[in-house]
Amino acid sequence: MEKVTRDLLTQTLLDMGVSAEFAELEIPRDEALGDLSTPVSMRLARVLKRPPTTIAGQIRESMLARGAGLFKSIDIAGQGFINLTFSDDALIAELKRLLQQQEAYCREDIGRGKRVQIEFVSANPTGPLHLGHGRGAAVGMALANLLQEVGFGVQREYYINDAGVQIEKLGQSVFARYRQLFCDEPEYPFPEDGYRGDYISELAESPEIRDFAGRSGLCYSEFKDVADTIKELSCSLMLREIKRDLTDFGVTFDSWQSERELYRSGLVQSAIAFLRSKGLIYDSEGAQWFKSAAFGDDKDRVVVKQDNQYTYFASDIAYHKQKLDRGFQEIIDLWGADHHGYIPRVSAVLQGLGLPSEGFNVLLIQMVTLLRDGRPVQMSKRAGDFVTLRELIDEIGPDTTKFLFLTRRHDTPLDIDVEKAKAQSSENPVYYVQYAYARINSIFQKAISMGIDPYEPNSISGFNEDERRLLKKALLYPMTLRSAALSREPHRIAFFLHELAGLFHPYYHKHRVITEDALLTQSRLALCNAMRIVFGHGLRILGVSIPQKM
RNA sequence: GCGCCUGUAGCUCAGUUGGAUAGAGCAACUGCCUUCUAAGCAGUGGGUCAGGGGUUCGAAUCCCUUCAGGCGUGCCA
């Protein structure tokens, strides 16, 4: 409905010789003013050098003439706002279109098939997922669903950092723990900066490690002799755990990319050679440097150290080059906010490889601070003191956890008081939304039991004021979807759904849907069906379950 | 020192990308279950949008500045 209006406004502006980008519609704060409004005439006043009210008058005449019954009225208010009010006939016609097209009604093709890759979570397989990863998982999944819904070709990827010193430390930690537990060496030295969480013991106790230990005589080995297998086993066991957590959280990936695989297949070497051939890598002070300063970074960055070892940056170069080689036109990475300093150099790489700077988008997932008794808890994987995603899911459920993360902008720091989250979980906003859906379903069940088909309303009469408000909100849902997609902010959908439920519940309480009046019943069922479609669509995008009853 | 993020009701957060009189949830208080689900509804109270200046028809939103918190600033990953 907003799209039809926007197209109309755009045409009107083009006829006046004005660029289409001025065609912006918004929902007035005060609904008495109208259904949609545009401040366009005030913006044009400066450009056209005419008073805003004069311009507004011209736009009004043109839109009324073109609109053909779409509007009940178009008013000019204040300093030049144009307020549009839809006619009842137009709302009903639009409702019928929604019911006919179902979820397709919600989708506007914004992506036009553009291939975009979203990489998220990508936690090192050196420990369980914590709350920050959970936030990234919820946001990344919702964003992927959202973009897919508006016409992008989306791939969801998890990058596995299974090479380098962190994995080395993981292996050492597991090795040391095994010796302490099973080799009668309780004093066996634990690595200084090893991982100390309980999960290390669990790894050491796992059948896989114990089986290998039995075969290799681990109690009599040096770490370096068994390092490769210990590391690989620990890593894959940890990854299995992570995958299980994600699955239980309802988050899935299309692709898992291993860092080690980049080295094995020679992609790191060839990527650097490629950059060198383009003159973007040079030698200095015995190291090899990438010219990132040429693309906006503060300084050039080392990719191969003096000792001939690759830096972490080297594999990231290969990784991001490979993303381009796989044909993605837009690359979205979700990173923890503590990596923000890393953005310019990766952006530099992609620009050096020919990707326009707007093709690379990093969503910084701000820190999740955990509070206990109102005081922040230091979360450190190495100290082993942190609250896992698993723990929170088990306590309050995946839907509540997701909604907790999705009712915030991703780039604002978030405090979670676990005790409060547990206490409030039964009053969580997610239930408010799900409950609305379940109630509609319940009405439909009742209708069916009475021999009425709620999905096939054959006639729709007029609507009262409450119904009009509800209907209008549902019909304008695509507007939220569009802005959420364009701004890459899935949380807007969560808030929309909560607002829609906030209209539905009072309506439900005030009016009966199924009454003696057959025509009225048909109309109200049609309205409920529209709500059902929108709630279902929104919840599906957020990755939240859609309960038929509660 | 420099860079990025943040500061909105007692708490946790939105605020349509510069629009009209700043909004929700939780917490507190008062009512409402014989009806299609009370995980609900109706109502009450709660604000110097961190402070100051600027830009313009119009600022919580943009610019400058001060204050406060977080993060970053490796030939670590």
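Convention: sequence-line order gives letters A, B, ...; per-chain numbering from 1. Values below: all heavy atoms of this structure, side chains included; hydrogens, waters and symmetry mates excluded.
When the side-chain nitrogen and oxygen atoms of A:K446 are compared with OP1 and OP2 of B:C36, one or more of them lie within a distance under 4.0 Å. Between A:Y431 and the phosphate of B:A39, there is no side-chain N or O to OP1/OP2 separation shorter than 4.0 Å. Phosphate proximity of B:C76 to A:K305: present, with a side-chain N or O under 4.0 Å from OP1 or OP2. Residue A:K299 has a polar side-chain atom (N or O) positioned under 4.0 Å from OP1 or OP2 of B:G74. Of the side-chain N and O atoms in A:R439, one or more sit less than 4.0 angstrom from OP1 or OP2 of B:A38.
Across all strands, A:Q434 comes closer than 4.0 Å to no nucleic acid atom at all (heavy-atom distances). Among the heavy atoms of the strands lying under 4.0 Å from A:H339 is at least one base atom, whether or not backbone atoms are also near. Nucleic acid contact class of A:H340 (heavy atoms, under 4.0 Å, all strands): base. Looking at heavy-atom distances under 4.0 Å, A:F81 makes contact with a base. If you check every strand for non-hydrogen atoms under 4.0 Å, A:Q79 touches a base. Counting any heavy atom pair closer than 4.0 Å across all strands shown, A:R43 reaches a base atom. A:A163 comes within 4.0 angstrom of the backbone, heavy atoms only, and of no base. As judged by a 4.0 angstrom heavy-atom cut-off over every strand, A:T480 is placed among residues making no nucleic acid contact. Among the heavy atoms of the strands, none lies under 4.0 Å from A:F444. If you check every strand for non-hydrogen atoms under 4.0 Å, A:L414 touches sugar and phosphate atoms only. Residue A:P506 is classed as a sugar-phosphate contact, given heavy-atom separations below 4.0 Å to backbone atoms only. Residue-level contact check: A:T412 touches the backbone only, with heavy atoms under 4.0 Å from sugar-phosphate atoms and none from bases. Contact annotation for A:D300: no contact, since no heavy-atom pair falls under 4.0 Å across all strands. At a threshold of 4.0 angstrom between heavy atoms, the contacts of A:H410 with the nucleic acid are absent.
Pair assignment for B:G72: B:C2, on the basis of Watson-Crick or G-U wobble contacts that are both within less than 3.5 Å. Using N1 to N3 plus N6-O4 or O6-N4 for Watson-Crick, or N1-O2 and O6-N3 for G-U wobble, each under 3.5 Å, B:A9 pairs with nothing. Remark: B:G58 base-pairs with no nucleotide; criterion is Watson-Crick or G-U wobble with both hydrogen-bond distances under 3.5 Å. Summarising the base pairing, B:A14 is matched to no nucleotide, lacking a Watson-Crick or G-U wobble pair whose two defining distances lie under 3.5 Å. With a cut-off of 3.5 Å on both Watson-Crick or G-U wobble distances, the partner of B:G40 is given as B:C32.
For A:Y342 and B:C71, the OH to C1' distance is 17 Å, given to the nearest whole Å. Between A:Y508 atom OH and B:A42 atom P there is a gap of 14 Å when expressed in whole angstrom units. Across the protein-nucleic acid pair, A:K510 atom NZ and B:A42 atom P stand 9 Å apart, rounded to whole Å. B:U8 atom P lies 14 Å from atom CZ of A:R408, rounded to whole Å. Between A:R345 atom CZ and B:G3 atom C1' there is a gap of 13 Å when expressed in whole angstrom units. One can place NE2 of A:H509 at 12 Å from P of B:G40, the figure rounded to the nearest angstrom. Counting to the nearest Å, the C1' atom of B:U35 and the CZ atom of A:R524 are 14 Å from each other. Here the P atom of nucleotide B:G40 and the OH atom of A:Y432 are 7 Å apart, to the nearest Å.
In this structure, A:Y158 has its ring center at least 6.0 angstrom away from the ring center of A:F120.
Distance noted for atom C1' between B:A27 and B:C33: 24 Å (whole Å). Between B:U21 and B:G10, the two C1' atoms lie 25 Å apart (nearest whole Å). Going from the P atom of B:C49 to that of B:G25 covers 22 Å, rounded to whole Å. Taking the C1' atom of each, B:U65 and B:U55 are spaced 15 Å apart, rounded to whole Å. If you take atom P in B:A38 and the same atom in B:C32, they sit 16 Å apart, rounded to whole Å. The gap from the C1' atom of B:A60 to that of B:G1 amounts to 31 Å, rounded to the nearest Å. Across the P atoms, B:A59 and B:G53 are found 14 Å apart, a figure rounded to whole Å. B:G40 and B:C36 have their C1' atoms separated by 13 Å, given to the nearest Å.
Two residues are said to be in side-chain contact when any heavy atoms from C-beta on lie closer than 4.5 Å; A:P454 and A:K446 fail this criterion. Side chains of A:Q166 and A:N161 form no contact here, defined as non-hydrogen atoms less than 4.5 Å apart. Contact annotation: the side chain of A:D35 never approaches that of A:L84 to less than 4.5 Å [non-hydrogen atoms, C-beta and beyond].
Between A:Y282 and A:W289, the angle of the ring planes stays under 30°, which puts this pair in the parallel group of the 30/60° scheme. Between A:Y507 and A:H511, the ring planes are tilted. Angles from 30° to 60° get that label.
Anti is the glycosidic conformation of B:U12, whose angle departs from 0 by more than 90°. B:C4 has its base anti relative to the sugar, with a glycosidic angle deviating from 0 by more than 90°.
Listed by first and then second residue, the salt bridge (Lys or Arg N to Asp or Glu O under 4.0 Å) pairs that reach into residues 478-497 of chain A are A:E108-A:R482, A:E330-A:R488, A:R409-A:E489, A:E489-A:R492, sequence neighbours excluded.
Between the CG atom of A:L527 and the CZ atom of A:F463 there is a distance of 5.0 Å, given to the nearest 0.5 Å. Taking CG of A:N83 as the reference point, atom OG of A:S37 lies at 5.0 Å (rounded to 0.5 Å).
Judged by closest nucleotide on RNA chain B, A:S483 is the one of A:I82 and A:S483 placed further toward the 5' end. Across the interface with RNA chain B, nearest-nucleotide mapping of A:E427 and A:A337 shows A:E427 to be the residue nearer the 5′ end.
Which of B:C75, B:A39, B:A77 sits closest to the side chain of A:Q166 comes down to B:A77.
One cannot find a donor-acceptor pair under 3.5 Å joining the base of B:C71 and the side-chain atoms of A:Q366.
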